[in-house]
Amino acid sequence: MEEAEQVLIQGDLVGGDKYMITFGRSETPARMHRLSPLLLEPARVAFVPPGGMGKLRADFEARNTSLMQAPAGYGRTTLAIRLLLETSHDTIYVLDPAVDLALLASAIEAERRQPDGRIRGAGLVVEPEAAIVVSGRQLRSLDQLLMEAKARLVIIVGPDARLADEEALDYRLPEFDPPTHRAIVESHLRWRLGSQAEQVLEQDGMGTAINDLVPRLPRRRAATFAELVQRATQNGKANVLLVRERMARRNADDFSIWLDGFIEPEDICFAVALSVLDGMPHETVAETGRALMSRLDATKKKQMDVGRVGDQDRLEEFRACLREVYTRGSFGRTVVRVVEYSERTYPRRVIQHFWRRTRLTEAIAKWLLEMASAREQSERVRIRAATVLGLLSVQNFDYLHHRMFAPWARDEDYLRREAVANALRVPAATASTAANVVRLVEEWHGGAQANSRTRATAARAYGVSLASIDPVWLIDRLGRLAAVDDLEVLISVGRSLSDLAGRADCQLVGPVLSALCDWLPNYRREPAAQWAFLEAAGSLVAEMGDDQRGVPELWPILLVLADGDQGLRGRLRLLWANALQSWTFGGQAVATLTGWAVMAEKNQTMRLAFTYLVGALYQQDERMRQTVRHLVDRWRSPDHLQPLERTVGAIDVYLYRLETDGTNLEQK
């Protein structure tokens, strides 16, 4: 027996006497530690059972070898210890995680024959290294030997660990719902504080502290929180501020220790890529990580496999997990398996941690800049990369200003100008840098060095970077840029007004459409008004429930809002009439209105609202009547790519009534 000390075993800090035992034949050694009282005692007296504990216990008692497959942070180790205690295994050993399961059976067989019989009647717990593959054959061999030794073994693996065959399922324990963090805190406080626990739990600020600090952490940290509360409690009253301070320090230290453990470049690249693309498909994260790896060490002749580093069975090391999410892409809903950090604050903290490493700063900057404007990347990836650059600019605004903001604002590539607008969102929302962003955008808008490209960048910044400030001021600034005779500025103004209209549950649709109507009589602003309206009409789409087949029904948001607002209907009619008669954007207007007709074909309620809109346009003047008739004839044609019989039929009936008896159903 060695001198008492604390050691880290698979993330658990244990202390007291430490028994280092090697058993089995010399060619198949297996090291194990006597379980520390720091783990044994809480499992004995402060254990909180998970959901389905009865089923777990029954399955556990039915065999001598059990496979516990559950995510990290579920309290797996404590549950394994408790199950062993409840089956009368008071002597518990923790096996070295590097143990080879294929050789473990031989080691147990050799140990079972030893005269001292140390393994007889003992409980064994092992959490193998991440890359392990568990086979039913191995488990069957272990189970037979352990049964003869009257011992039990619990093998703990993650949810993505690979099972080699179906037989391994016979040894897998059923899934369970972990106990809540609050329940663990309360149980450990009652164990540590006894009768004072209820008084401390009811103390002002304690419940809020538990909710703020504990729920997003692994469940073992809930026990740590209870220990910190005990240390800060005197005479039945806890110093909540001191508990918060110590817990925050503990979390920060744990975070630094975790990231400092990433030494291999592949690990660092995957962690950084995940911090930028958190919540996106695993394949996308691995691909961008490989791009960073090539920048980090371009001298390597053999490409390192960053994707392998982020394999599912290693995600626990990155404190990440896979989950399936529903998303709506260009072609409808789909299910995507995404990878994300288990803690919502990790993405920001991870990228900031590695950015501060001098040898990584330049490589990460080049990688993010390349990704933020790469045409081969999706828009989501470009926006994420630009947003992270904006986050990093909060720490050093001048560096990113000279590296990205100033040169890219003047760049001929509109993707770079878009990247600047997306990047500036973060410093614009940060008190220490918000004024810098406003001054920078105003300089691009009308400063001495301003030109058409900087004004186009300023226009996008008004709709993206500064979109959360006074909308009246933003619309005024965009209106002034709308008078600039330049196509790139016009397009940027239109996109920004469309973005503003779609923000905050579309509360700004009314003010934006009112401004566009006011711009129409001004020949300098009219093209920008037409383009902005068509941009909003085509891009603002909402799901309004599902049809009988479960397919989402899409509505143009402008039509949804106008259907319940008479004033908005009038502005919508005026803008459509002006756009359809435009020499510049008439073709785009026809294509966009046809898109609305296609959506109306699939939904009776929308078809009625769309019919009233077409009828209102028809009553505008003789020129619009001819335009509407021409459009309806085009939709009716058998050569039209989309069949629109129901929409055309409804419009024909309505227009007939307008012409014959003047019945305006919309007004009724």
Side-chain angles (χ1 to χ4, degrees), residues 9-10 12 23 30 32-37 39-95 97 99 101 104-105 107-109 111-112 117-128 132 134-159 161 163-179 183-184 187 219-220:
I9 301 178
Q10 290 293 287
D12 294 314
F23 66 94
M32 64 183 184
H33 310 270
R34 183 74 174 268
L35 183 68
S36 166
L39 293 178
L40 184 62
E41 197 61 18
R44 193 190 302 276
V45 299
F47 175 74
V48 180
M53 183 64 181
K55 174 65 174 171
L56 274 168
R57 186 186 298 110
D59 277 31
F60 182 77
E61 291 176 350
R63 62 182 64 86
N64 288 71
T65 300
S66 296
L67 182 67
M68 184 182 295
Q69 193 167 17
Y74 265 42
R76 305 175 303 186
T77 303
T78 301
L79 176 58
I81 295 169
R82 180 71 179 199
L83 288 171
L84 290 170
L85 289 174
E86 291 188 2
T87 50
S88 302
H89 295 280
D90 294 323
T91 302
I92 300 175
Y93 296 102
V94 178
L95 300 183
V99 67
L101 291 184
L104 183 58
I108 290 176
E109 171 63 18
E111 175 62 25
R112 190 174 64 84
R118 292 175 299 189
I119 199 175
R120 179 167 295 277
L124 307 175
V125 178
V126 62
E127 187 173 349
I132 191 173
V134 182
S135 73
R137 185 184 213 176
Q138 294 171 351
L139 298 177
R140 185 174 66 248
S141 299
L142 288 170
D143 196 60
Q144 180 63 35
L145 292 170
L146 291 166
M147 185 184 302
E148 295 174 2
K150 296 183 179 180
R152 274 191 168 86
L153 168 68
V154 184
I155 304 171
I156 301 173
V157 295
L163 304 184
D165 48 52
E166 182 183 357
E167 187 179 357
L169 297 175
D170 297 335
Y171 297 88
R172 188 172 67 179
L173 294 174
E175 295 182 356
F176 60 92
D177 295 323
I184 296 173
S187 178
R219 278 159 179 79
R220 66 175 179 272

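By convention here, the first residue in the shown sequence is residue 1.
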* Kindly determine whether Asn64 and Gln144 satisfy side-chain contact (heavy atoms from CB on, under 4.5 Å), including the steps that lead there. => CA-CA 8 Å; Asn64 288 71; Gln144 180 63 35; over 6 Å; no
* Mind running side-chain contact (heavy atoms from CB on, under 4.5 Å) on Val125 and Leu35 for me, showing each step along the way? => CA-CA 9 Å; Val125 178; Leu35 183 68; over 6 Å; no
* Begin with the C-alpha distance, continue with both residues' side-chain angles, and end with the deciding distance and a verdict on side-chain contact (heavy atoms from CB on, under 4.5 Å) for Val48 and Arg219. => CA-CA 11 Å; Val48 180; Arg219 278 159 179 79; over 6 Å; no
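Scanning both residues, Met68 and Arg76, for their nearest heavy atoms gives SD-O, 3.5 Å. Across Arg152 and Thr87, no two heavy atoms sit closer than the pair NH1-CB, 3.9 Å. Pairing each heavy atom of Arg137 with each of Asp165, the nearest pair is N-OD2, 4.2 Å. Nearest heavy-atom pair across Arg57 and Leu83 is CA-CD2, 4.1 Å. Between Gly136 and Tyr171, the shortest heavy-atom contact is O-CE1, 4.2 Å. Looking at every heavy atom in both residues, Pro179 comes nearest to Ile184 through CG-CD1, 3.9 Å.
In this structure, the separation between CZ on Phe47 and CD on Glu86 is 6.5 Å, given to the nearest 0.5 Å. The CD1 atom of Ile119 sits 11.5 Å away from atom OG1 of Thr91, with the distance rounded to the nearest 0.5 Å. Glu127 contributes atom CD, which lies 5.0 Å from atom OG1 of Thr77 (distance to the nearest 0.5 angstrom). Atom-to-atom distance recorded for Ser141:OG and Asp143:CG is 9.5 Å, nearest 0.5 angstrom. Taken to the nearest 0.5 Å, the CZ atom of Arg140 stands 8.5 Å off from the OG atom of Ser135. In this structure, CD on Gln138 lies 8.0 Å from CD1 on Ile155, to the nearest 0.5 angstrom.
Taking the side chain as every heavy atom from C-beta outward, Ile92 and Leu39 never approach each other to under 4.5 Å. Proximity of Leu79 to Leu56: side-chain heavy atoms (C-beta onward) are separated by under 4.5 Å at one or more points. In this structure, Leu40 and Leu85 have side chains that are in contact, with non-hydrogen atoms separated by less than 4.5 Å. Within the 4.5 Å cutoff, no side-chain heavy atoms of Leu67 are placed close to those of Leu173.
Just one of Leu124, Leu145, Leu139 meets the side-chain contact (heavy atoms from CB on, under 4.5 Å) condition when paired with Thr65; it is Leu139.
A donor-acceptor pair under 3.5 Å is absent between the side-chain atoms of His33 and the main chain of Tyr93, judged by distance alone.
Heavy-atom neighbours of Glu61 CD from other residues, nucleotides or ligands within 6.0 Å: above the threshold of 12.
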